[in-house]
Engineer: 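One structure, pasted below without further comment.
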Amino acid sequence: MPQPAIFADRLHWGLLHTFLVIAEEKSLSRAALRLNVTPSAVSHSLRRLEEQTGGRLVDRNRQRFALTGQGALLHEAALDICKRINVLDTTFASGVPAISGTLNLLMLSTLVSDTFDIFLTDFCKRFPLLAMHVETLPSSIILKKIGQNLPSLGLALCPRETRDIRRAPLIPQRYALYCGRNHPLFTRERVTRQDLLAENFVSFFSDQMGDSLAALAEYREKHRFTGTVVASANDQDEVKRLLYAGYGIGCLADDSARKDVLEGRLRRLPPEKGIADVPVYLVWSGQRKLQPAEIIFINGLCDAFGRERPFPAAGETGETHGA
DNA sequence: AGGTCTTTGTCTACTGCGTT
DNA sequence: AACGCAGTAGACAAAGACCT
C-alpha cells in the first residue's frame with residue numbers, strides 16, 4: 001500500500017512563487033499581469049496549491065482579499081525560502097560559498113560606536129543566513145570565556161595578549177573624570193584639578209594595577225589623588241549610577257558619558273584632555289580553530305575601523321585559520 | 001448595461017519516466 | 001531511440017458576482 005507523500009514531496013515549489021506574487025499584489029489579475037500569464041492560470045495555480053496544502057490560503061472575492069491563517073503561515077515560509085534562494089544568486093555570481101550558522105559575540109556593556117553600528121548593518125545585509133547572538137558582560141568575564149575556547153568573539157578591554165587570547169585594537173576610548181548631579185562639585189562654577197585631589201572615588205573593579213583599567217589607577221597614583229575608593233562596580237552603567245548618587249568622582253569613557261552630560265546628569269571634570277586612553281579590543285581564542293564566519297567578522301570589523309587585518313590571506317573564501 | 005474580477009471546464013503543449 | 005502515459009502549466013471561453 002503506497003504511503004501518503006510527505007508535505008514537501010507533494011508541494012510544487014513553483015506554485016509558491018505564484019502564491020508570493022498573489023500575496024504581494026493582493027489580486028489574482030494583477031498577479032497575472034506581473035507573471036505575464038492569464039488570470040485563469042493564476043487561479044488554477046492557486047487552486048492547485050490549496051489542494052496540495054489541504055486548505056484555503058486566500059479569502060478572496062470582489063470586496064475582500066486576505067490571507068487565511070494557513071495562507072499567512074505559508075507566505076512566511078515562502079518568503080524565507082525566497083530570501084535563501086536570493087542569497088544563492090550573489091553566491092553563485094561571486095563564487096564564494098554562503099556563510100551560515102551562528103556568530104556569538106561577547107560585548108562589554110555601554111559600548112558606543114557609530115562605526116560599529118554601521119558595520120553591523122552592512123554585515124547583516126551581506127550575511128542574512130548568519131544568526132548573531134550578543135551577550136553583554138564585564139571585560140574580565142569575556143576574557144575568561146574566550147580563554148576557555150568557548151565559540152565566541154569578544155569586544156572587551158584587554159590589558160595584554162596571551163597564548164590563549166589574541167587581540168586587535170579596535171575602538172579608541174578616552175577616559176575622563178566625571179561627577180554626578182548630586183555631587184557638590186556638579187554646581188560649583190569653577191573646578192580645578194587641585195579641587196579633585198582629596199575627593200572620594202567611584203571606581204571599576206578592574207581599576208587596579210595590572211588589570212584592564214589599570215591606566216586609571218596609575219593616573220590617580222601619579223597625580224597624588226588622596227581620596228579613598230568609596231564605591232565600585234564592574235559595569236559602566238553601575239558606575240554611572242553611583243556617580244549620579246553622589247558617592248564621589250569617577251572615570252568614564254567620554255563616548256559613553258556624552259549623552260549624560262548633555263542631559264544634565266553628569267559633569268565632565270578637569271583635566272580637559274582626559275586622563276587616559278584605553279582602547280576596546282576585538283578578542284578571540286588563540287587556541288581554537290576559528291570558523292569562516294568569525295574570520296570574516298574579524299577582518300571586516302578591522303577594515304571598518306581602518307585596522308590591519310589579522311587574517312589577511314583568508315579573504316572571505318571560507319578558509320579557516322587557527323591561532 | 002457594461003466593465004472587472006474570479007472561477008470553472010476544456011483543450012493543448014510540454015516534460016519526465018518507464019517500457020519496448 | 002521511439003513510444004505511450006501521467007502530470008503540470010497555461011490559454012481560451014464561458015459564467016457568476018459585484019461595482020459603477
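Naming convention: chains lettered A, B, ... in sequence-line order (proteins, then strands); numbering from 1 in each chain. Keep in mind that this is a model prediction, so the values were computed, not measured.
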Engineer: Could you give the NE2-to-C1' distance, from His44(A) to dG7(C), as a whole number of Å?
Structural biologist: 15 Å
Engineer: Please check this pair: side chain of His223(A) against backbone of Tyr219(A), looking for a donor-acceptor N/O pair closer than 3.5 Å.
Structural biologist: yes
Engineer: Just N and O in the side chain of Arg47(A): are any of them under 4.0 Å from OP1 or OP2 of dT7(B)?
Structural biologist: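 No, because none of the side-chain N or O atoms of Arg47(A) sits under 4.0 Å from OP1 or OP2 of dT7(B).
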Engineer: dT6(B) P sits how many Å from Leu49(A) CG, rounded?
Structural biologist: 16 Å
Engineer: What is the distance, to the nearest angstrom, from the CG atom on Leu28(A) to the P atom on dT8(B)?
Structural biologist: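 Atom CG in Leu28(A) sits about 11 Å away from atom P in dT8(B).
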Engineer: Specify the separation, in whole Å, of atom CG of Leu15(A) and atom P of dG10(C).
Structural biologist: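 Rounded to the whole Å, the gap is 9 Å.
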Engineer: Angle between the end axes of the helix from dA1(B)-dT20(C) to dT20(B)-dA1(C), five pairs per end, to the nearest 10 degrees?
Structural biologist: 10°
Engineer: Among side-chain atoms of Tyr244(A) and Asp260(A), is any donor-acceptor pair under 3.5 angstrom?
Structural biologist: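 Yes - a donor-acceptor pair under 3.5 Å links their side chains.
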Engineer: Rounded off to whole Å, could you give me the CZ-to-P distance for the Arg48(A) and dT6(B) pair?
Structural biologist: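 After rounding, the gap between these two atoms is 17 Å.
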Engineer: Output yes when Arg241(A) and Glu238(A) qualify as a salt bridge under the 4.0 Å nitrogen-oxygen rule, no when they do not.
Structural biologist: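 A salt bridge is present here (some side-chain N lies under 4.0 Å from a carboxylate O).
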Engineer: Run the ring-centre check on Trp284(A) versus Phe297(A) and record whether the distance is less than 6.0 Å.
Structural biologist: no
Engineer: Within the structure provided, determine whether Met107(A) and Glu135(A) are in side-chain contact (heavy-atom separation under 4.5 Å).
Structural biologist: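 They are not in side-chain contact.
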Engineer: Evaluate the criterion salt bridge (charged side-chain N to carboxylate O under 4.0 Å, His left out) for residue pair Arg174(A) and Asp254(A); output intermediate values, then yes/no.
Structural biologist: CA-CA 6 Å; Arg174(A) 170 64 53 92; Asp254(A) 277 340; 5.8 Å; no
Engineer: Please report, rounded to the nearest Å, how far the P atom of dT6(B) is from the CG atom of Leu57(A).
Structural biologist: 15 Å
Engineer: If you go through the side-chain atoms of Ser40(A), does one of them form a donor-acceptor pair with the base of dC12(C) closer than 3.5 Å?
Structural biologist: yes
